[in-house]
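Protein chains get the first letters and strands the later ones, always in sequence-line order, with residue 1 at the start of each.
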Amino acid sequence: DVKVTQSSRYLVKRTGEKVFLECVQDMDHENMFWYRQDPGLGLRLIYFSYDVKMKEKGDIPEGYSVSREKKERFSLILESASTNQTSMYLCASSLTGFNQPQHFGDGTRLSIL
Amino acid sequence: KQEVTQIPAALSVPEGENLVLNCSFTDSAIYNLQWFRQDPGKGLTSLLLIQSSQREQTSGRLNASLDKSSGRSTLYIAASQPGDSATYLCAVSPGGSNYKLTFGKGTLLTVNP
């Protein structure tokens with residue numbers, strides 16, 4: 001089974017802090033994704049990566065950056081956390097190619113105070 | 001812009017009932033449609049993926065159908081159980097990319113013992 005592991009289930013940070021969310025997958029997937037999930041808005045794609053050091057913006061990249069130095073690890077960075085970034089963050093991975101399902105981690109619930 | 005709608009937003013049924021969850025999408029140019037399950041406070045679990053050339057997929061008590069021309073998919077759950085209680089989400093991948101999934105907001109299913 002595919003295992004996507006997010007480093008923290010719950011995280012509390014302060015406004016203005018630089019925040020790192022980490023995601024690791026163990027199935028040698030080329031693609032990795034970061035989403036946020038908010039009530040009433042559903043899941044929205046922040047960034048995705050299709051290879052090491054490669055990234056593309058999703059629908060809501062403002063205020064975020066990402067890093068992918070190794071194939072198995074994809075980090076989401078909040079450069080200067082703000083209260084409107086309080087959310088559930090979900091990481092996913094998939095193989096390259098069409099019709100490959102995305103596999104999700106358990107999520108990180110991030111609160112910015 | 002692709003929009004995905006799931007109706008109803010919530011559904012409550014007695015144990016043992018067969019039920020249907022609905023998903024509609026506005027742009028029929030898709031590569032595939034996926035159904036996911038999300039338990040409270042957890043990530044998403046991929047249930048079924050239907051390729052655009054397929055009409056249906058089955059896994060155990062679950063059967064998903066796709067009518068691409070009318071922009072509709074249904075998830076049929078047979079002989080529902082309390083353990084089926086969760087939020088069910090559908091997502092479509094646009095033609096030309098498997099990456100940018102567009103999600104519906106989900107149907108919250110409660111199966112009462």
Side-chain angles (χ1 to χ4, degrees), chain A residues 1-10 21 23 25 27 29-51 54-61 74 87-110, chain B residues 1-7 9-10 23-25 29-57 59 62 64 66 68 75 86-108:
Chain A
D1 273 359
V2 177
K3 184 73 173 174
V4 179
T5 303
Q6 295 185 231
S7 54
S8 304
R9 289 298 312 278
Y10 303 94
L21 302 184
C23 176
Q25 50 93 4
M27 285 302 292
H29 285 175
E30 294 86 3
N31 304 320
M32 296 188 76
F33 310 82
W34 276 107
Y35 295 88
R36 64 178 282 178
Q37 184 176 30
D38 300 288
L41 296 176
L43 274 92
R44 294 176 291 168
L45 180 66
I46 305 171
Y47 267 99
F48 71 95
S49 169
Y50 50 92
D51 201 351
M54 306 303 288
K55 63 186 179 184
E56 282 198 26
K57 294 180 180 179
D59 298 319
I60 51 164
F74 192 33
S87 186
M88 172 72 124
Y89 289 87
L90 292 164
C91 174
S93 71
S94 76
L95 288 168
T96 290
F98 302 117
N99 302 313
Q100 295 294 338
Q102 292 188 17
H103 301 270
F104 283 77
D106 277 343
T108 295
R109 186 163 294 282
L110 175 64
Chain B
K1 180 187 172 187
Q2 178 75 269
E3 292 184 4
V4 179
T5 303
Q6 293 186 247
I7 294 174
C23 173
S24 62
F25 47 96
I30 64 169
Y31 262 114
N32 60 57
L33 183 145
Q34 294 180 57
W35 282 95
F36 294 89
R37 169 190 171 131
Q38 186 175 30
D39 293 296
K42 294 289 190 87
L44 280 66
T45 300
S46 180
L47 297 174
L48 290 164
L49 183 149
I50 312 177
Q51 299 178 29
S52 61
S53 58
Q54 296 175 324
R55 296 285 294 183
E56 64 178 61
Q57 278 284 342
S59 176
L62 306 180
L66 174 64
K68 203 174 87 159
L75 179 66
T87 297
Y88 291 81
L89 298 106
C90 68
V92 297
S93 70
S97 169
N98 187 42
Y99 307 142
K100 291 193 175 184
L101 293 180
T102 301
F103 284 84
K105 292 184 171 61
T107 294
L108 175 61

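Note on G104(B), A9(B), G41(B): by heavy-atom pairs under 4.5 Å with chain A, the leading option is G41(B).
Q6(A) does not touch chain B: none of its heavy atoms, backbone or side chain, sits under 4.5 Å away. Only the side chain of L89(B) has a heavy atom closer than 4.5 Å to any heavy atom of chain A.
At distances below 3.5 Å, at least one donor-acceptor pair connects side-chain atoms of Q6(B) with backbone N or O atoms of Y88(B). Using a distance-only test at 3.5 Å, with no hydrogens or angles considered, no donor-acceptor pair links the side chain of Q34(B) to the main chain of V92(B). In this structure, N31(A) contributes its side chain and S93(A) its backbone to no donor-acceptor pair below 3.5 Å.
The local environment of CZ in R9(A) is crowded, with over 12 non-hydrogen atoms from other residues, nucleotides or ligands closer than 6.0 Å.
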